[in-house]
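The chains referred to below are lettered A, B, ... by the order of the sequence lines, with proteins before strands, and numbering in each begins at 1.
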Amino acid sequence: VRGSIAVVNWSDGRIDDAALAFASAACDDQLAECARAWGLDPWPVTFVSSTDSLPLATTHVMAVVDTIDVAGAAGYHNAANGVIYGKVLVRSVSQTGMTLSHECVEMLVDPDAQAWRGLVALEACDPVEPDGYPYPTTILGETRRIQLSNYVLPSWFDPAGKPPFDRLGKLSAPLTSSPGGYQIVRDEQGNTSTVFASRDIPAGLAAKRAIPFSRVSRRLAGAR
Amino acid sequence: MFRRLVTLLALAGAAGCAGRAPPPAHAGGCTEGAVHRGALGLLGDVAVALVGADYDAQLAALAAKSGEPAVTCAVQEMTDEATKKADRTSDPIEASRAAHGRAWLAARKGGA
């Protein structure tokens, strides 16, 4: 599947455009790397000031917003009427970069957030959600370190898979999660639930176990 | 169309008062002070401007508002990045940005 991601700042000045330009450039590099690891076509990620002139059939808008319409989420991506899009709740520069990275990676791996591998949702960042790494990004000669999200590799979904299972090599077995990570799973009857790696579930996450429309890929606001 | 016409008229007036546009900033100038900050803040606008066939008018409008050196730096950066992305992904939008950016920079270089 070919596509591209256009990151747009719809927040009311709570994060500046330059910060999002750096974060978008870091995510662009990350998606190139992630696409290789997953055997996918790479998608470019570009920061834009407006989406008015972009073809939305192939350009997927990732909007950074002040408020988000999925309770308790820091970000999500979804598809509606064939249009794939995402939203990222603006927080600190570091947190916003992590969420942007999370959603971009998951959009690349499962654009409409509907795919499953066996009984596990094809969410590439949820199992390692709290894990990030700094990535140096240079624009116009200035280098900033952008915090990017860890992500799992195809081997993670294979019960007999061999390591590495994630970008940072933190997980020691398939289908496991980092402390604070989680997985969306379903049973044979198709009932879905969220399995957390730790009993230390952030307050309010129970509400996110049931999303009333399609399964949205989301980064939880309780995560660091 | 009306807004574009107004922009072009405003640019024509500005050019008449200020004489020739300043030469484009060379690569080193893009890392310095106000030009650097200005260019960083323009990257999103330049990314949009370079998609359409009317990129020249859109970039002229940006230059009138923010200064040609900052716009030139932003176009140079966006063109370099779009070229890499287009080579890597075959994305038609990035290919358009790269081609339009190269054409705009070449025209500036030729006219300087």
Side-chain angles (χ1 to χ4, degrees), chain A residues 1-11 13 15-36 40-64 93 104 108 137-144, chain B residues 3 25-55 57-58 61-62 65-66 69-98 100-101:
Chain A
V1 178
R2 294 202 181 278
S4 64
I5 297 175
V7 179
V8 63
N9 188 1
W10 286 350
S11 79
I15 189 165
D16 68 22
D17 287 356
L20 288 181
F22 275 94
S24 301
C27 289
D28 180 70
D29 285 352
Q30 184 184 41
L31 257 57
E33 170 200 277
C34 180
R36 281 195 298 274
L40 300 168
D41 290 326
W43 289 7
V45 181
T46 302
F47 176 71
V48 297
S49 63
S50 159
T51 60
D52 291 347
S53 59
L54 300 175
L56 298 183
T58 55
T59 303
H60 313 308
V61 174
M62 187 69 75
V64 177
V93 170
C104 286
L108 172 74
T137 302
T138 301
I139 297 178
L140 289 162
E142 178 184 347
T143 300
R144 298 186 188 180
Chain B
R3 190 170 61 183
H26 52 77
C30 297
T31 63
E32 292 163 10
V35 171
H36 177 73
R37 285 191 298 277
L40 275 182
L42 286 171
L43 288 172
D45 290 318
V46 169
V48 171
L50 287 176
V51 172
D54 62 343
Y55 66 91
Q58 291 204 39
L62 285 176
K65 190 171 75 175
S66 305
V71 172
T72 302
C73 288
V75 171
Q76 183 67 64
E77 176 74 18
M78 189 57 59
T79 302
D80 291 347
E81 287 304 309
T83 300
K84 286 184 211 162
K85 290 175 185 176
D87 289 347
R88 193 177 70 218
T89 66
S90 304
D91 182 70
I93 300 294
E94 296 298 345
S96 287
R97 285 192 179 110
H100 292 159

Non-hydrogen atoms of chain B under 4.5 Å away: do they reach the side chain of [X], the backbone, both or neither?
| X | result |
| --- | --- |
| Thr58(A) | neither |
| Val7(A) | neither |
| Leu54(A) | side chain |
| Asp16(A) | neither |

Specify whether His60(A) and Trp43(A) have parallel, tilted or perpendicular ring planes, treating 30° as the upper limit for parallel and 60° as the lower limit for perpendicular.
->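 Judged by the thresholds at 30° and 60°, the geometry between His60(A) and Trp43(A) is tilted.
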Measure the shortest side-chain to side-chain distance between [X] and [Y] over non-hydrogen atoms and say whether it is less than 4.5 angstrom.
| X | Y | result |
| --- | --- | --- |
| Asp28(A) | Arg88(B) | yes |
| Lys85(B) | Asp91(B) | no |
| Thr89(B) | Ser4(A) | no |
| Arg97(B) | Val51(B) | yes |

Which answer fits [X], side chain, backbone, both or neither, if we ask what part of it has an atom under 4.5 Å from a heavy atom of chain A?
| X | answer |
| --- | --- |
| Asp45(B) | both |
| Leu43(B) | both |
| Arg37(B) | neither |

Give a yes/no on whether the SG-to-SG distance for Cys30(B) versus Cys73(B) is below 2.5 Å.
-> yes
